Amino acid sequence: MFRYYLKLGALSIRANPALSALMVAAIAIGIGACMTIFTIQHMMGSNPIPHKSAQLRHVQMDSWSDANPYNDGANPPIQLTYTDARNLLAAEQAVRQIATFKSGRIVEPEDPDELPYTVSGRATSKDFFAMFDVPFKYGSAWDAAADLSEEFVVVISEPLNERMFGGEDSTGRRITMNGDTFRIVGVLDTWSPVVKFYDLNNNPHEPVEDTFFPFSTAMANEYGNEGNTNCWKPPEGGDRAAFLNSECIWIQFWVEIPDQAAETQYMNYLDAYVEQQKELGRFPRPLDNRLPDVEEWMILNEVVDDDVSVLLGLAVLFLIVCLLNTIGLLLAKVMRRTKDISLRRALGASKASLFSQYIIEAGMIGVAGGLLGIGTTWLGLLGIRNLFNRFDFVEKLTHMDWSMTALAIVLAVVSALAAALYPTWRACQVTPASQLRIQ
Amino acid sequence: MLKMTDVSKIYRTDTVETHALREFSLTVDEGEFVSVTGPSGSGKTTFLNIAGLLEEMTSGTYELDGRDISKLNDRERSRVRNEKIGFIFQSFNLIPELNIFDNVDVPLRYRGLNAAERKRRIEESLDMVGLASRLKHQPAQLSGGQQQRVAIARALAGEPRFLLADEPTGNLDTHMADSVLDLLSEINSNGVTIIMVTHELTLADRAKRNIFVRDGQVTDAAPEFLRAANG
Ligand SMILES: Nc1ncnc2c1ncn2[C@@H]1O[C@H](COP(=O)(O)OP(=O)(O)O)[C@@H](O)[C@H]1O
Ligand SMILES: [Mg+2]
């Protein structure tokens with residue numbers, strides 16, 4: 001029977017081409033609006049490193065004030081103090097660990113006629129690259145010795161390598177930034193995670209940094225921090241040493257935890273560490289160490305913008321308006337076909353079979369609307385990309401993946417079926433004889 | 001066997017109540033060919049629609065093949081319509097988008113027969129009405145008489161026990177009407193019970209039994225008004 005209903009659906013769609021086209025268009029437009037916004041929301045929150053995200057853990061320790069708990073006590077602080085970052089780094093209790101902060105640099109070109117320019121930069125440890133599966137085009141990360149002896153080594157991004165060296169293998173070459181001359185040890189390959197998960201203090205969708213250099217080097221040479229700094233009590237003194245010894249938090253700390261055992265082990269270490277710090281008069285709050293993984297970290301940091309949720313709400317409302325329109329069109333179609341309906345009823349069609357026939361026809365309209373909806377979504381995303389092309393990160397957010405494509409079709413079919421319920425019910429109310437009488 | 005006892009049908013609108021049938025009682029036996037005549041508006045179509053389960057009665061009892069029709073739900077009523085009853089309408093009521101083959105196929109689809117069986121029945125019944133060569137034609141390509149024959153083939157394809165015809169020749173000229181009547185007689189001789197509504201006495205005479213309806217009731221004999229009406 002299913003195939004018979006498909007055939008009837010096709011006949012009916014062909015018999016009412018204008019009405020059918022209007023319905024398909026209404027659904028496609030509604031789906032396009034919804035899916036455009038939803039794709040952006042989805043991409044904003046999508047896992048940037050799915051194969052490994054569960055093993056990458058951000059370290060949270062409650063170093064905050066007892067009188068005025070961080071985040072009202074719901075969550076420990078989202079960064080570490082320098083004291084703790086240094087201690088955890090030195091302890092090396094995880095397979096891999098990094099302390100990191102953002103620090104922009106000014107490049108001084110070799111050619112004296114060329115003006116200096118700013119680049120983004122990140123102070124981190126050598127494990128950064130292995131932990132986050134960062135791809136290299138040339139060279140590699142620096143080694144442990146470089147971290148230890150505060151060497152001036154740097155890994156640069158592909159775009160910067162393009163700009164400075166025309167894309168050539170630049171490992172071994174020099175680059176001077178803020179008066180310090182660095183040796184290039186590696187050049188990244190294209191690397192643009194949808195979410196810059198390792199630093200959610202800044203725009204989570206901005207491109208990765210242009211330069212990466214050792215945390216130890218940055219500290220030894222007093223590089224400034226571009227991220228947030230939060231303090232619950234002022235440093236005891238105005239100099240840098242006082243700041244570094246303070247309870248101000250400004251460093252992100254990540255560890256790689258391969259399995260459950262490693263997690264337990266690292267947790268035990270953290271607990272012991274905090275207990276030890278408590279004896280030194282720090283950490284007034286109860287023990288609250290946490291190791292959220294990448295996805296938990298993204299949720300905690302509200303990577304998906306609330307504005308986008310509001311937009312999505314509006315888009316859903318728009319889809320509903322489109323569906324109301326579709327309901328009207330379907331009703332018009334049913335009203336046109338009462339004679340056909342009552343004849344079929346007279347020839348033995350039950351209400352149930354008429355219901356199936358009309359629902360299947362609506363499903364066909366839905367599939368067509370969904371296919372066209374993929375097109376309108378694509379156009380919508382293209383529009384947004386062009387509208388906001390001054391922001392690099394928009395590019396990453398405006399791509400439809402397979403799940404979004406499938407969702408567009410499913411949503412279209414479900415919408416069409418929902419819209420068809422009332423008109424179909426009306427169709428089933430047509431009595432067998434009513435339209436066959438000749439007075 | 002078809003048996004109606006004290007059936008009444010009242011059409012209610014906001015302003016008027018029409019008693020289309022009042023205490024209408026009739027028994028039709030297996031294999032009969034009954035004609036139903038009466039003035040316009042007397043309730044003939046209403047009777048036929050109730051007999052064919054197209055409409056529900058307001059009160060009374062109706063048994064078809066020993067089953068109390070008022071106790072059936074929509075699915076069972078649809079099934080009775082589909083399996084036991086064939087309809088022929090004055091205005092043919094073919095589906096214009098479907099070709100002849102597919103038109104005759106409609107009731108068979110709701111029966112759930114397999115493709116081969118449907119094909120056999122469609123060809124057989126179109127053969128019976130003399131249109132076996134027009135399978136792929138659209139209804140609009142046929143004359144009125146041919147369209148009515150397709151409608152008859154559609155009614156026959158389900159191998160019904162009852163054939164209900166409402167003014168089947170109303171839209172046809174005398175010659176075509178005659179040949180349709182020949183066809184109905186032949187069908188009846190194969191054992192199908194036929195009830196045919198008509199207002200033409202010459203056609204009614206070809207039935208084995210004549211029923212007269214007036215003001216929604218069966219009356220005994222052919223009253224004068226009928227003869228007068230037909231000149
Ligand atoms: N759907 C309806 N609503 C209201 N009145 C109706 C309806 N169908 C039929 N009638 C009325 O019922 C009476 C019987 O009609 P009908 O059975 O069609 O008569 P006939 O077929 O003998 O001409 C007529 O008065 C007609 O106007
Ligand atoms: Mg009538």
Side-chain angles (χ1 to χ4, degrees), chain A residues 1-21 332-361 364-365 421 424-439, chain B residues 9 11 20 40-41 44-46 48-56 73-99 102-113 115 118 151 154-155 157-158 160 164 166-167 170-171 197:
Chain A
M1 254 350 233
F2 183 72
R3 274 179 47 203
Y4 184 54
Y5 294 141
L6 281 183
K7 179 180 158 183
L8 293 181
L11 269 175
S12 153
I13 289 169
R14 225 181 307 152
N16 302 285
L19 265 182
S20 307
K333 201 163 171 182
V334 165
M335 291 308 137
R336 268 183 167 191
R337 282 166 64 188
T338 48
K339 189 168 173 192
D340 186 84
I341 295 168
S342 62
L343 178 65
R344 286 184 179 276
R345 293 280 279 138
L347 295 178
S350 62
K351 286 184 181 180
S353 47
L354 266 182
F355 189 85
S356 309
Q357 179 190 335
Y358 275 80
I359 280 293
I360 286 170
E361 185 178 331
M364 293 169 74
I365 299 269
L421 283 179
T424 303
W425 179 80
R426 284 289 295 270
C428 292
Q429 301 312 306
V430 173
T431 58
S434 56
Q435 301 298 314
L436 306 174
R437 243 178 208 280
I438 294 185
Q439 293 298 323
Chain B
K9 174 72 181 178
Y11 290 109
S40 177
K44 305 182 297 293
T45 297
T46 305
L48 211 62
N49 284 350
I50 289 173
L53 276 59
L54 298 182
E55 285 184 66
E56 299 194 24
N73 63 25
D74 177 72
R75 222 190 66 218
E76 291 161 335
R77 288 172 69 92
S78 302
R79 190 143 162 214
V80 171
R81 277 201 293 276
N82 184 258
E83 294 182 0
K84 296 203 168 165
I85 301 170
F87 288 100
I88 304 169
F89 308 95
Q90 180 176 350
S91 52
F92 322 143
N93 283 321
L94 299 180
I95 298 175
E97 298 94 35
L98 301 181
N99 66 23
D102 288 338
N103 261 287
V104 179
D105 193 23
V106 172
L108 302 182
R109 289 284 186 167
Y110 295 116
R111 179 85 61 100
L113 299 173
R118 283 187 280 113
R154 178 176 66 190
L164 306 182
D166 194 358
E167 312 252 9
N171 287 4
V197 166

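Nothing here was measured: the structure is a model prediction, and the numbers come from that model. Protein chains get the first letters and strands the later ones, always in sequence-line order, with residue 1 at the start of each. Below, each value reflects all heavy atoms present in this structure, side chains not excepted, and no hydrogens, waters or symmetry copies.
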Which heavy-atom pair separates A:Ala349 from B:Ser78 by the least distance, and what is that distance?
O-OG, 3.6 Å

Let me know if B:Ile85 has heavy atoms under 4.5 Å from chain A in its side chain, its backbone, both or neither.
neither

List for me each residue that meets side chain to side chain contact (heavy atoms under 4.5 Å, CB included) alongside B:Ala51, sequence neighbours excluded, and say none if there are none.
B:Leu2, B:Met4, B:Phe47, B:Tyr62, B:Leu164

Suppose a student defines contact as a heavy atom less than 4.5 Å from any heavy atom of chain B. Which residues in residues 1-13 of chain A would they list?
A:Met1, A:Tyr4, A:Tyr5, A:Lys7, A:Leu11

Check B:Asn82 against A:Gly348 and note the closest heavy-atom contact, atom names and distance.
CB-CA, 3.6 Å

From B:Tyr110 atom OH to A:Leu354 atom CG, the distance as rounded to the nearest 0.5 Å
6.0 Å

Under 4.5 Å to a heavy atom of chain B? For A:Arg345 that would be both

Euclidean distance, A:Lys351 NZ relative to B:Arg77 CZ, rounded to 0.5 Å
10.0 Å

With a 4.5 angstrom heavy-atom cut-off, which part of A:Ala346 approaches chain B: side chain, backbone, both or neither?
both

Search all heavy atoms of B:Ile95 against all heavy atoms of A:Arg344 and return the closest pair with its distance.
CD1-NH2, 3.6 Å

With A:Tyr358, which residues qualify under ring pair (Phe, Tyr, Trp, His ring centres under 6.0 Å), at least two apart?
none

Only pairs of heavy atoms separated by less than 4.5 Å count here; which of B:Arg75, B:Arg154, B:Glu83 has the most with chain A?
B:Arg154

Under the salt bridge (Lys or Arg N to Asp or Glu O under 4.0 Å) definition, can you give me all pairs with a residue in residues 103-113 of chain B, not counting sequence neighbours?
B:Asp105-B:Arg109, B:Asp105-B:Arg118

May I ask you to test the B:Arg81-A:Pro432 pair for a side-chain heavy-atom distance under 4.5 Å?
yes

Is any side-chain heavy atom of A:Thr431 closer than 4.5 Å to a side-chain heavy atom of B:Glu56?
no

